[in-house]
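Let me begin by presenting the structure, written as structure tokens, before commenting on it.
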Amino acid sequence: MLKLSKPLIVGVAPVGKDSVFAARVIAAHISGYMNLKTEIIPTLNIPSFAYNEKRFQYNAGVILKSYEAMEFEYDKVIAVLNVDIFMPIFTHVFGEAKQGGKCGLVSVFRLKMEQDCIYPAPSLVYERAAKVALHELGHLFNLLHCEDHRCLMHFSGDLCQLDKTPFYFCRYCTAFLQGFYHFKS
Ligand SMILES: [Zn+2]
Ligand SMILES: [Zn+2]
């Protein structure tokens, strides 16, 4: 596989005004951990077309489909939401992206929920959001889920697992990304 020579640019799109700060934190983590250029895209509207009135949640598949159809001038796009998103087979998801797709979603909604009557500090919420973003970006670069519990591509079904996952791609996933672009300089 030929490595792309021009630097890849990831657009980070806040969805709704209250996602702007999370988008900035996520963009900083993407450039720091994945050696990619990032740009903050002007804020998108909350996708009311994807709202499911029976579940009081937004359908992540519907949102992704509409974002994939928008012609963003970026190699990849991560949209950052502050609403509850779901996929039909799950009660909720932290993020969503199709393998090899152009756009991925991250929602901070469930990342800031209380556990054992304690609300997480904002720094922990942003750390979680950044992990979800790196994971979804991995999917956009064609990575599948990884069996290594210490790898960002390991599937995290709950906050406990997400908090245990370090900011680290295993050797296999690193080599895979390296085949796509200059993941590590
Ligand atoms: Zn995944
Ligand atoms: Zn891995």
Side-chain angles (χ1 to χ4, degrees), residues 8 10-15 18-41 58 60 63-64 67 76-87 90-116 118-178 180-181 183-184:
L8 296 179
V10 178
V12 182
V15 182
D18 54 355
S19 299
V20 174
F21 189 74
R24 287 196 195 129
V25 174
I26 285 171
H29 279 79
I30 291 172
S31 35
Y33 284 93
M34 296 193 74
N35 197 26
L36 290 164
K37 283 191 187 302
T38 54
E39 269 178 36
I40 304 286
I41 295 177
Y58 293 76
I63 301 171
L64 262 191
Y67 289 175
K76 303 290 179 192
V77 171
I78 292 290
V80 185
L81 301 107
N82 200 359
V83 295
D84 200 11
I85 59 172
F86 76 98
M87 288 298 282
F90 295 112
T91 55
H92 64 271
V93 287
F94 299 142
E96 183 64 26
K98 285 206 166 55
Q99 195 199 1
K102 180 157 185 176
C103 299
L105 308 179
V106 177
S107 168
V108 298
F109 187 89
R110 297 267 171 175
L111 306 178
K112 59 185 185 187
M113 282 196 144
E114 61 170 306
Q115 286 167 290
D116 304 324
I118 300 169
Y119 283 95
S123 57
L124 178 57
V125 176
Y126 294 126
E127 186 177 297
R128 289 169 173 170
K131 285 179 188 174
V132 175
L134 297 183
H135 175 97
E136 303 307 343
L137 207 44
H139 283 315
L140 298 182
F141 286 114
N142 257 339
L143 278 168
L144 291 166
H145 285 152
C146 178
E147 285 179 17
D148 188 339
H149 289 254
R150 293 157 307 158
C151 176
L152 280 164
M153 291 316 293
H154 188 73
F155 174 74
S156 294
D158 57 44
L159 291 175
C160 191
Q161 177 60 49
L162 185 61
D163 288 342
K164 280 189 204 147
T165 306
F167 279 100
Y168 168 82
F169 286 98
C170 74
R171 272 174 54 192
Y172 170 82
C173 293
T174 298
F176 192 95
L177 287 170
Q178 197 70 274
F180 246 90
Y181 71 97
F183 171 61
K184 292 221 164 131

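As the structure is a computational prediction, the values presented were derived from the model and not from experiment. Values below: all heavy atoms of this structure, side chains included; hydrogens, waters and symmetry mates excluded.
Atom OH of Tyr119 has 12 or fewer neighbouring heavy atoms from other residues, nucleotides or ligands inside a 6.0 Å radius.
Partners of Phe155 under the ring-ring contact (aromatic ring centres under 6.0 Å, His included) rule, at least two apart in sequence or in another chain, are His145. Partners of Met113 by side-chain contact (heavy atoms from CB on, under 4.5 Å), not counting sequence neighbours, listed by chain and number: Phe109, Arg110. With sequence neighbours excluded, the residues satisfying ring-ring contact (aromatic ring centres under 6.0 Å, His included) with Phe141 are Phe180, Tyr181. Taking Ala129 as the reference, Ile26, Val106, Val108, Leu111 meet the side-chain contact (heavy atoms from CB on, under 4.5 Å) condition, with sequence neighbours excluded. The ring-ring contact (aromatic ring centres under 6.0 Å, His included) search around Tyr33 returns His29, Phe167, not counting sequence neighbours. Not a single salt bridge (Lys or Arg N to Asp or Glu O under 4.0 Å) links Arg24 to another residue, sequence neighbours left out. In this structure, the side-chain contact (heavy atoms from CB on, under 4.5 Å) partners of Lys164, at least two apart in sequence or on a different chain, are Cys160. Not a single side-chain hydrogen bond (donor to acceptor under 3.5 Å, both in side chains) links Gln99 to another residue, sequence neighbours left out. Glu39 pairs by the side-chain contact (heavy atoms from CB on, under 4.5 Å) definition with Ile9, Tyr74, not counting sequence neighbours. A search for salt bridge (Lys or Arg N to Asp or Glu O under 4.0 Å) contacts involving Asp18 returns nothing, not counting sequence neighbours. Lys102 meets the side-chain hydrogen bond (donor to acceptor under 3.5 Å, both in side chains) test with no other residue; sequence neighbours excluded.
You'll find the side chain of Phe94 reaches within 4.5 Å of the side chain of Leu162, heavy atoms only. Within the 4.5 Å cutoff, the side chain of His139 has heavy atoms near those of the Met153 side chain. Taking 4.5 Å as the limit, every side-chain heavy atom of Val20 sits out of range of all side-chain heavy atoms of Ile40. Counting heavy atoms from C-beta on, the side chains of Leu140 and Val10 never come closer than 4.5 Å.
The two residues Val93 and Ala60 have their closest heavy-atom pair at CG2-CB, 4.3 Å. When every heavy atom of Leu152 is checked against every heavy atom of His135, the shortest pair comes out as O-ND1, 2.7 Å. The two residues Ala23 and Val12 have their closest heavy-atom pair at O-CG1, 3.5 Å. Closest of all the heavy-atom pairs between Leu137 and Met34 is CD2-SD, 3.7 Å. Across every non-hydrogen atom of Glu136 and Ile78, the tightest pair is CB-CD1, 4.4 Å. Counting all heavy atoms, side chain and backbone alike, Leu64 lies closest to Lys98 at CD1-N, 4.3 Å.
Here Phe169 and Phe176 keep their ring centres 6.0 angstrom or further from each other.
Although no hydrogens or angles enter the test, the distance criterion places a donor-acceptor pair under 3.5 Å between the side chain of Gln178 and the main chain of Phe183. Using modelled atom types, one side-chain atom of Lys76 and one backbone atom of Gly101 make a donor-acceptor pair closer than 3.5 Å. Of the possible donor and acceptor atoms, one in the side chain of His154 sits under 3.5 Å from a partner among the backbone N and O of Cys146. A donor-acceptor pair under 3.5 Å is formed between the side chain of Ser19 and the backbone N or O of Val80.
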Ile63 and Leu81: side chain to side chain contact (heavy atoms under 4.5 Å, CB included), yes or no, with the steps? CA-CA 11 Å; Ile63 301 171; Leu81 301 107; 4.2 Å; yes
Step by step, would you call Val15 with Val83 a side chain to side chain contact (heavy atoms under 4.5 Å, CB included)? CA-CA 9 Å; Val15 182; Val83 295; over 6 Å; no
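Counting only residues at least two apart or in different chains, salt bridge (Lys or Arg N to Asp or Glu O under 4.0 Å) contacts with residues 143-159 comprise Asp148-Arg150.
Of the inter-residue distances, the one linking Ser107 atom OG with Phe86 atom CZ reads 12.5 Å to the nearest 0.5 angstrom. Atom CG of Leu36 and atom CG of Leu177 lie 9.0 Å apart (nearest 0.5 Å). Atom OH of Tyr126 and atom NZ of Lys112 lie 8.5 Å apart (nearest 0.5 Å). Taken from NE2 in His149 to SG in Cys170, the straight-line distance is 12.0 Å, to the nearest 0.5 Å.
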